[in-house]
Every structure is written in structure tokens, then in C-alpha cells.
Amino acid sequence: MPELPEVEAVCRKLRKEAVGAVIDEAQVMKPRSARGAHSAELDHAVGQTIRKIERRGKNIVVHLSGGYALRVHLMMTGNLFVIPDARLYSARVRVHFRLRDGRALVFEDARILGNVSLYKEEDLKKALSKIGIEPLSKEFTIEKLLELAKRSRLPAKIYLMDQHHIAGIGNMYAAEALFRARINPEQPMNAVTKAKLKALHQAIIDVLKEAIKAAVRSYSKPGTYGKDMDFNVYGRKGKPCNVCGKPITRIEQGGRSTYYCPHCQR
DNA sequence: TCGATCCTGTAG
DNA sequence: CTACAGGATCGA
């Protein structure tokens with residue numbers, strides 16, 4: 001499920017449903033799903049109250065009483081949500097928190113790539129400090145992006161997906177933002193013109209905000225996974241560009257697919 | 001900085 | 001059957 005907008009949608013829903021609940025039991029079905037450096041045993045979550053839900057990049061942070069916090073990363077196929085009856089959970093649930101009111105907070109993850117780990121608040125802060133700037137925060141200004149871009153020769157697409165610089169952008173929205181800013185995904189970040197970086201700054205913000213709206217709307221509706229938003233380039237290999245009509249190209253960057261319009265993005 | 005790797009599901 | 005998947009980490 002995850003790029004910033006989808007993670008944001010998950011967080012918003014959890015804020016309504018999970019805050020105030022008390023965890024009575026923590027059950028790890030797949031040990032791989034509960035690994036994590038510096039993480040404490042999940043048992044420490046038992047007896048604690050869910051105080052607050054935050055998002056940092058693509059991470060979900062569930063603040064608990066007692067100085068602990070859960071960090072959840074959905075990776076490719078994870079999801080975190082509340083089920084009405086703790087006993088009725090799917091086979092894909094990897095971590096299960098039974099709540100005192102009979103419900104459960106469950107981490108579902110088909111591919112077992114994501115993870116849930118418990119930290120002491122202090123340690124978590126340290127762990128998350130390596131993540132880059134939040135693109136929807138007021139700190140993410142044009143000047144900030146210009147300054148960041150200057151320091152990297154990474155291809156623009158790889159750069160956008162690298163969580164150390166800007167947090168929360170993944171394969172789909174990186175491609176979309178680059179298309180809107182007319183930037184070639186292979187162009188080194190420090191070689192992108194100032195005008196295009198300005199356009200990119202706005203494109204990132206617009207794309208993410210639109211996607212959050214779409215994700216919130218479609219979230220909870222089954223079968224809408226991947227259909228939050230209409231894309232100009234992502235997944236459209238060979239189809240006509242919405243601007244110039246020439247075919248969209250697919251290339252590989254860092255082992256991932258990149259879609260773009262070679263005519264519009266130079 | 002690159003490539004392999006972690007896993008399973010699904011589309012072609 | 002093979003190719004590919006909205007992600008990140010690790011070692012060489």
C-alpha cells in the first residue's frame with residue numbers, strides 16, 4: 001500500500017479508530033514482520049494506551065503510554081488497521097494487537113517485507129532522524145529544494161525516491177512529479193535547471209496532495225489498490241502521452257521501472 | 001553506487 | 001510458465 005499519500009490515509013483512519021484504545025495482548029505470527037534494530041520486545045506494548053498516531057515519511061508511528069512507540073513500515077504490501085472482532089482476522093495478519101474493547105489492531109502483509117517494531121520514544125526519534133524533509137511541511141521551500149539538489153549527482157528519479165533527502169515519495173509519485181515538471185528522470189539532480197526545480201517543488205506538493213485526497217476516498221474500498229489516482233506516465237508504457245501524444249517509455253533505474261515521456265521530459 | 005535479497009501474489 | 005510489483009537494506 002505505501003507511498004506517502006496511502007500511508008497518510010491509513011494514519012487518518014487510525015486516528016479516528018485506534019486512539020484511546022488499550023492493548024491487551026501482542027501476538028507475532030511472523031517473526032520476520034517484527035524485526036527491527038533497537039527494537040524492544042512487543043510485549044512491552046501490553047497494557048499501554050494508544051495515545052497518538054503520526055506519519056514520518058512512509059513510517060507510521062503509534063505513540064503509546066509508558067514512553068513507548070510502535071513503528072510500522074508497510075513496505076510494498078503492508079496495511080495497518082482495526083478490525084471489529086479480534087478473533088476474526090485473515091491469514092495474512094502478521095502481527096496482532098488485541099484491544100481491551102474486543103477489537104484488534106492488525107498488521108497485514110502479504111509479502112512479509114514490512115515490519116512492526118517497538119521502540120522507546122528516545123530511540124525511535126534517533127532512528128527516524130535519518131529520514132529527509134517532509135515534502136508537505138512548511139520547511140520544504142523552493143530554496144530548500146534548490147539547496148538539496150545542488151548537493152547530489154543522483155539521477156532525478158533515484159534522488160526523489162531516496163528517503164534520506166525527501167521523505168515519502170516512491171516510484172509512482174516520483175514519476176508523476178517529474179512528468180509534471182518536465183524533467184528527464186535520468187538527469188543528474190544537480191544539473192536540473194532552476195526553473196525546472198521550481199516546477200518540481202510545486203509538482204511534488206500538488207501530486208502528493210491530490211493523491212492523499214484520492215487515497216482517503218478510495219481507502220477502505222476493496223479493489224482500488226493502485227487506483228487512487230490517474231497517472232500521466234506510471235504504468236503507461238507504449239500509451240500516448242497526455243500532452244504530446246508520443247508513446248510513454250519504460251526504462252530501468254536502480255532495479256525499478258521508470259516511466260516517462262522522452263519528448264516532454266528532456 | 002550497484003546488485004542481490006527479502007517474500008508472495010497476480011497479470012500476461 | 002515468467003515477469004513484475006506502490007520498498008529498503010545489506011554486502012561487495
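First the proteins, then the strands, lettered A, B, ... as listed; each starts at 1.
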Self-check item: Linked, directly or transitively: A:V22 and A:V19 (ILVMFWY side chains, under 4.5 Å)
Solution: no
Quiz item: Does A:K30 put a side-chain nitrogen or oxygen below 4.0 Å from OP1 or OP2 of B:dC7?
Solution: no
Practice problem: Grab the CD1-P distance between A:I158 and B:dT1 for me, whole Å please. | Solution: 11 Å
Exercise. Check every atom of B:dC7, C:dG7, B:dG9 against the side chain of A:R92 and return the nucleotide holding the closest atom.
Key: B:dG9
Quiz item: How many angstroms lie between atom CD1 of A:I112 and atom CE of A:M76, to the nearest 0.5 angstrom?
Solution: 14.0 Å
Practice problem: Look at the side chain of A:M76 and decide which nucleotide, out of B:dT1, B:dT8, C:dG7, has an atom nearest to it. | Solution: C:dG7
Quiz item: OP1, OP2 of C:dA5 versus side-chain N and O of A:Y234: anything below 4.0 Å?
Solution: no
Practice problem: Identify which one of A:L70, A:L128, A:I53 satisfies the side-chain contact (heavy atoms from CB on, under 4.5 Å) criterion when paired with A:V61. | Solution: A:L128
Quiz item: At under 4.0 Å, does any side-chain N or O of A:Q163 touch on OP1 or OP2 of C:dA8?
Solution: yes
Practice problem: Indicate, with a heavy-atom threshold strictly under 4.0 Å, whether A:Y259 touches base, sugar-phosphate, or nothing. | Solution: sugar-phosphate
Exercise. Ignoring backbone atoms, establish whether A:R32 has a side-chain N or O less than 4.0 Å from OP1 or OP2 of B:dC6.
Key: no
Self-check item: Side-chain donor/acceptor of A:R256 to base of C:dA5, under 3.5 Å
Solution: no
Quiz item: Between C:dA8 atom C1' and A:D109 atom CG, what is the distance in whole Å?
Solution: 13 Å
Quiz item: Can a side chain N or O of A:H73 be found less than 4.0 Å away from OP1 or OP2 on C:dA8?
Solution: yes
Practice problem: Under a 3.5 Å limit for both distances, which nucleotide forms a Watson-Crick or G-U wobble pair with B:dC7, could you say? | Solution: none
Quiz item: Would you call A:E6-A:K58 a salt bridge at under 4.0 Å N-O?
Solution: no
Exercise. Measure the distance from CG on A:L154 to C1' on B:dC2 and round it to the nearest whole Å.
Key: 12 Å
Quiz item: Between B:dT8, C:dG7, B:dT1, which one does the side chain of A:R153 approach most closely?
Solution: B:dT1
Practice problem: Taking only the side-chain heavy atoms of A:K58 (C-beta and beyond), determine which of C:dG7, B:dG9, B:dC7 contains the nearest atom. | Solution: C:dG7
Exercise. Of all the heavy-atom pairs spanning A:H201 and A:I142, show the shortest one and how long it is.
Key: ND1-CG1, 3.3 Å
Quiz prompt | Face-on cation placement of A:K237 at A:Y259 ring, 6.0 Å and 45° thresholds | solution = no
Practice problem: Check whether any side-chain nitrogen or oxygen of A:T77 sits under 4.0 Å from OP1 or OP2 of C:dA5, and answer yes or no. | Solution: no
Practice problem: Whole angstrom is fine here: how far is it from CD in A:E252 over to C1' in B:dT1? | Solution: 16 Å
Quiz item: Expressed in angstrom and rounded to an integer, what is the separation of A:D162 atom CG from C:dA8 atom C1'?
Solution: 10 Å
Quiz item: Tell me: CZ of A:R250 to C1' of B:dG12, nearest whole Å?
Solution: 14 Å
Quiz prompt | Pairwise P distance for C:dA3 and B:dA4, with rounding to whole Å | solution = 15 Å
Quiz item: Which whole number of Å gives the distance between the P atom of B:dC7 and that of C:dG11?
Solution: 16 Å
Quiz item: Nearest-Å distance, NE2 (A:H165) to C1' (C:dG7)?
Solution: 15 Å
Quiz item: If you check every side-chain atom of A:S257, which of C:dC4, C:dG7, B:dC7 has the closest atom?
Solution: C:dC4
Quiz prompt | Interatomic distance, A:R94 CZ vs B:dC6 P [rounded to whole Å] | solution = 16 Å
